[in-house]
Structure formats: C-alpha cells, structure tokens
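One structure is given below, encoded as structure tokens.
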Amino acid sequence: MFSYATHLSCSKCGGTSEINQIMQQCRCGAPLLVQYDLTKLRNRLRPDDLRNRVYSLWRYHELLPVQDHTHIVSSGEGMTPLLPLPRLADDMGIFRLLMKDEGISPGGTFKVRGAAVGVSRAKELGVKELAMPTNGNAGAAWALYAAKAGIQCHIVMPLDAPHTAKVECAIAGAHLTLINGLISDAGNTIAQSIKEHGWYDASTLKEPYRIEGKKTMGFEIAEQLEWQLPDVILYPTGGGVGLIGIYKALLELRELGWIGDRLPRLVAVQAEGCAPIVKAWSEQKQTSSYWSGASTVAFGINVPKALGDFLVLAAIYQTAGCALAVEDDTILQEQKRIARLEGAYVCPEGAAAFAAARRLRDSGWIGANETVVVLNTGAGIKYPDSVKLNLPILQPGQFLPSSHLTDNKD
Ligand SMILES: *Cc1c(COP(=O)(O)O)cnc(C)c1O
Ligand SMILES: [Zn+2]
C-alpha cells in the first residue's frame with residue numbers, strides 16, 4: 001500500500017471522519033489530524049527499507065496521506081541537510097549543535113513541505129480552487145505548488161510582508177490581495193470569501209494535510225541521526241504547525257518501534273514582539289490569548305493567535321520542553337554571528353531559535369553534553385532587508401578606505 005492513512009480524528013473532541021472526502025475542521029471547530037494503521041505498517045516496513053528511496057520527503061509515503069502516487073506534486077522538497085555547526089557550538093558551549101537547514105528547500109523555506117503534501121492531497125480530492133491567509137512564505141509555496149497542480153489560488157497577505165513572497169505569488173498566477181493588517185486580519189477577510197464561493201480553505205490547520213508535510217522534518221531528523229534522537233529540538237513558532245508536526249512524527253515513529261521511549265524536549269521560540277505561546281506556557285495554560293500589537297522582524301512567526309495553540313502547548317508539556325521569546329535586536333545579532341562563524345545566512349526566524357539555544361545553555365536548561373537540533377526554517381536571502389548596510393562608495397581612481405585595515409567584527 002502506498003499510504004497507510006485510515007481516517008481523520010479530531011485533536012480536541014476525538015470525533016472521527018472519513019478520509020476520502022474534502023474535510024476542513026472538525027464539527028467542533030478544532031483541527032483534524034490524519035491517523036495511520038501503524039500496527040499493520042509495523043510489520044511491513046523497517047527503517048532499512050528507506051535506504052534506497054527517493055531523496056525527498058516522499059520517501060515516507062506510507063506515513064503520508066496521498067493514496068495514489070500519480071497525484072504527487074513535487075519540486076524535490078525535503079531531505080534537507082542536518083549540519084554540524086562546530087564553531088557556533090563552541091561559542092555557545094554546547095557539545096553538539098546541529099542545524100536542520102530548510103533554507104535550501106525549493107523556494108527557500110520549509111513551507112514547501114506543507115504545500116507539497118497539502119496541494120497533492122487537494123488535487124487527489126478534486127479541489128479546483130483554494131484560498132488562504134499568509135504572512136508570506138506559505139502563500140508563496142502554495143501559489144507555486146497550486147500552479148503546478150492546475151489549482152486556482154487566492155491569497156491574502158499583510159501589506160508589509162516580504163517583497164519576495166508577493167512576487168512569488170504573482171509570478172505563479174495566484175490572485176494576491178494585500179491587507180493593511182496582520183495575518184489574523186487576512187484570515188478574517190478570506191474566511192468571508194471562502195464561505196461565499198465555496199473555495200477549499202487551506203489556512204493553517206483548517207485542512208488536515210499541511211501538517212503531514214511539515215511532520216517529515218521530524219522523520220528526517222530521526223533518520224539522519226540513525227534513529228538516535230537529540231536531547232533538544234528548537235523551533236521558531238508561529239502557527240506552530242512545524243512543532244506539532246515534529247511531535248506527531250515522533251509519536252508515530254515511537255509506535256512503529258523505530259525510536260526509543262524518550263523524546264527530545266521541544267522548545268517553541270517566539271519573538272518578544274509576538275509571544276502568545278510563551279506567555280501561555282509561562283502561566284502553565286492550555287491555550288493562548290490573542291497578542292495585541294504583534295510586530296517582529298521575524299515575519300514568519302508574527303502570529304498573534306494560532307488555531308493549534310493547544311497542540312503546541314501540549315507538545316511542550318508532554319516532552320518537558322519550554323517556550324522562550326527573543327528580542328529583535330538579539331535575533332539580528334545572532335543572525336550575524338551565525339553568518340560570521342559558520343558562513344550560514346539563516347532567516348531571522350531561524351536566528352531566533354539559535355539565540356534561544358544560546359540563552360538556554362547560559363541558564364543551564366541545556367546541559368553542556370547535550371545534542372541540540374535547531375530548525376532554520378528558511379534562507380536569509382528571502383528577506384535581506386533586515387540587514388542594515390553602511391558601505392563606503394568610491395569614485396574611480398580612489399583607494400580603499402581605512403576600514404579595510406581594521407578588524408571587521410562589529
Ligand atoms: C511560517 C514560518 C515559521 C513558523 O512556522 P509554523 O509552523 O507556522 O509555526 C517559521 N519560520 C519561517 C521562515 C516561516 O515561514
Ligand atoms: Zn472535534
């Protein structure tokens with residue numbers, strides 16, 4: 001069997017739904033999650049069977065929802081490198097620091113994982129027209145994959161979203177509208193049109209398949225470490241689908257018997273200017289409250305209220321993880337340090353997660369001998385404007401300024 005998906009189950013009320021029909025949220029409003037026949041799969045698939053498979057996230061097809069491989073829409077997403085960062089590890093005093101680098105994904109962010117599986121599944125179910133709000137990167141990825149699938153795409157994005165994301169939607173032929181507000185405002189606007197026109201709602205966790213794509217980050221981390229899990233995984237958290245997905249992946253692997261009982265401590269990292277999950281965690285709550293006046297340079301995590309907040313918080317509590325907010329200045333400083341020590345230009349969201357690792361090591365929450373995986377969710381070159389330049393300009397015939405003789409360490 002290509003997929004072992006059996007049905008959908010509600011993440012809140014436990015109700016189940018048939019899988020071979022278009023479904024959005026559960027009747028109770030909570031996200032639906034894909035369930036698999038892991039008992040059957042346990043006897044049919046072994047980790048070694050993966051070795052010679054396609055080098056993309058589709059190598060895990062038994063644990064993905066697409067039932068017929070001819071419906072797959074792929075640009076080669078997944079199987080990004082898990083890179084050791086020895087100089088940064090040294091600088092932070094962490095024994096082993098690894099970066100899961102999603103920056104080299106097609107289009108430059110991990111959002112293609114959700115788009116690949118989400119769009120493939122939408123195509124399989126016969127969807128012709130979909131709609132979604134986005135902070136930029138998800139819209140860009142979905143616009144391009146929808147174009148490849150021949151699906152019409154309607155996107156609403158904040159006016160101050162990164163320019164690159166707007167261009168990607170436009171070039172792919174998506175219907176892109178900007179809103180002078182936040183992703184939550186974009187969501188309210190598009191919900192109205194979805195109701196009116198009967199479009200497929202591809203909003204975060206309002207369809208069950210995007211998370212299945214994102215969970216493959218968890219499979220890959222486990223496989224790339226030969227099924228020996230790290231002690232800590234840090235993830236820059238907006239809607240939280242990546243973190244929920246990684247947790248779901250680890251639970252599935254555990255049920256398959258491919259990993260041991262002990263799971264990594266999951267850390268949700270947010271920006272000081274938008275930290276609803278961190279606030280909820282510090283108050284030991286099960287859900288978050290809307291964060292007013294949300295603002296951060298790490299655009300992908302500027303989400304004032306996530307539909308799946310209770311799932312993010314549960315993943316943190318269940319793994320004895322934590323949640324941490326980082327100031328924009330610290331994010332940009334860390335971003336620069338990573339480039340100078342490791343030659344890696346990570347996105348601000350990824351830099352936030354690294355800054356959090358540094359802080360947690362300083363406080364002793366991360367021990368000196370632990371293995372730490374940080375998700376760099378995208379490439380810094382997607383939105384370079386957060387880097388301020390102040391460059392000397394010469395006229396022809398002039399010589400290099402004295403700054404070339406001094407140490408460039410600021
Ligand atoms: C969307 C996004 C995030 C946050 O992802 P979620 O899974 O929604 O929490 C982090 N980083 C980047 C670069 C993003 O585009
Ligand atoms: Zn329900």
Side-chain angles (χ1 to χ4, degrees), residues 8-17 23-33 80 100-103 105 107-115 118 132-142 157 161-162 164-165 168 183 187 203-206 208 210-218 234-248 266-271 274-277 288 296-312 315-316 323 331 335 345-354 356 374-383 386:
L8 303 171
S9 74
C10 176
S11 53
K12 199 168 256 169
C13 75
T16 60
S17 313
M23 288 298 294
Q24 308 267 208
Q25 291 138 280
C26 177
R27 288 165 287 278
C28 79
L32 290 170
L33 299 175
T80 55
K100 180 69 173 155
D101 191 9
E102 297 292 301
S105 301
T109 77
F110 81 112
K111 287 294 198 300
V112 289
R113 294 179 186 267
M132 64 194 300
T134 175
N135 265 340
N137 291 335
W142 280 71
M157 185 185 298
T164 317
E168 287 174 282
I183 187 172
S203 309
T204 302
L205 291 173
K206 291 190 180 173
R210 185 201 294 212
I211 180 175
E212 295 303 293
K214 289 190 173 185
K215 84 177 177 188
T216 56
M217 291 187 287
L234 296 102
Y235 181 80
T237 305
V241 191
L243 196 83
I244 305 165
I246 289 171
Y247 182 56
K248 185 173 189 282
L266 298 179
V267 180
V269 181
Q270 299 200 296
C274 181
I277 300 284
S288 67
T296 167
V297 292
F299 218 80
I301 55 175
N302 199 26
V303 180
K305 165 77 184 166
L307 186 63
D309 56 356
F310 69 103
L311 296 171
V312 177
I316 299 172
I331 291 174
Q335 190 188 32
Y345 182 11
V346 303
C347 63
E349 296 84 350
F354 278 105
V374 175
L375 269 299
N376 174 40
T377 41
I381 47 171
K382 288 244 26 178
Y383 20 102
S386 61

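Counting starts at 1 for both ligands and their atoms, in listed order. Bear in mind that the values here come from a model prediction, so they are computed numbers and not experimental data.
Polar contact with ligand 1: present for G239 (N/O pair, distance under 3.5 Å). The distance criterion of under 3.5 Å between nitrogen or oxygen atoms is met by Y235 with respect to ligand 1. At least one N/O-N/O distance between G238 and ligand 1 falls below 3.5 Å. Below 3.5 Å of separation, one finds an N or O of N137 facing an N or O of ligand 1. Looking at Y383 next to ligand 1, no N or O pair under 3.5 Å apart turns up. For the pair V241 and ligand 1, the shortest N or O to N or O distance falls below 3.5 Å.
Within the listing of ligand 1, atoms 9 (O) sit less than 4.0 angstrom from a heavy atom of T237. Of all atoms in ligand 1, numbered sequentially from 1 with element shown, those under 4.0 Å from a heavy atom of K214 are 6 (P), 7 (O), 8 (O). Residue G242 approaches ligand 1 through these ligand atoms, each under 4.0 Å from one of its heavy atoms: 7 (O).
A donor-acceptor pair is defined here as one N or O able to donate and one able to accept, closer than 3.5 Å; no such pair exists between the side chain of N302 and the backbone of C274. Judged by distance alone, with hydrogens and angles left aside, the side-chain atoms of T237 form no donor-acceptor pair with the main-chain N or O of A268 at under 3.5 Å. Side-chain atoms of K305 never come within 3.5 Å of backbone atoms of P276 as a donor-acceptor pair (strictly under, hydrogens ignored). Side chain of E349 to main chain of P236: no donor-acceptor pair is present (N/O by atom type, distance under 3.5 Å, no hydrogens or angles). Panel note: side chain S17, backbone L8; no donor-acceptor pair is recorded below 3.5 Å.
In this structure, I316 CD1 and L311 CG are separated by 11.0 Å, a value rounded to the nearest 0.5 Å.
One finds no salt bridge joining E102 and K214 here, because no Lys/Arg side-chain nitrogen approaches an Asp/Glu carboxylate oxygen to under 4.0 Å. Salt-bridge annotation for E212 and K248: present, with a side-chain N of the basic residue lying under 4.0 Å from a carboxylate O of the acidic one.
With the Zn ion (ligand 2) at the apex, C28 SG and C26 SG define an angle of roughly 110° (rounded to 10 degrees).
K111 NZ, 2.3 Å is the protein heavy atom nearest to atom 2 (C) of ligand 1. In this structure, atom 13 (C) of ligand 1 lies nearest to the protein heavy atom T377 OG1, 3.4 Å.
Look at F299 and you'll find every heavy atom at least 4.0 Å from all atoms of ligand 1. Using 4.0 Å as the threshold, G240 has a heavy atom nearer than that to some atom of ligand 1. The shortest separation from a heavy atom of I301 to ligand 1 is under 4.0 Å, placing the residue in contact.
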- Query: Can F110 and K100 be said to form a side chain to side chain contact (heavy atoms under 4.5 Å, CB included), step by step?
  - Reply: CA-CA 10 Å; F110 81 112; K100 180 69 173 155; over 6 Å; no
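Side chains of S288 and D309: a donor on one and an acceptor on the other come within 3.5 Å.
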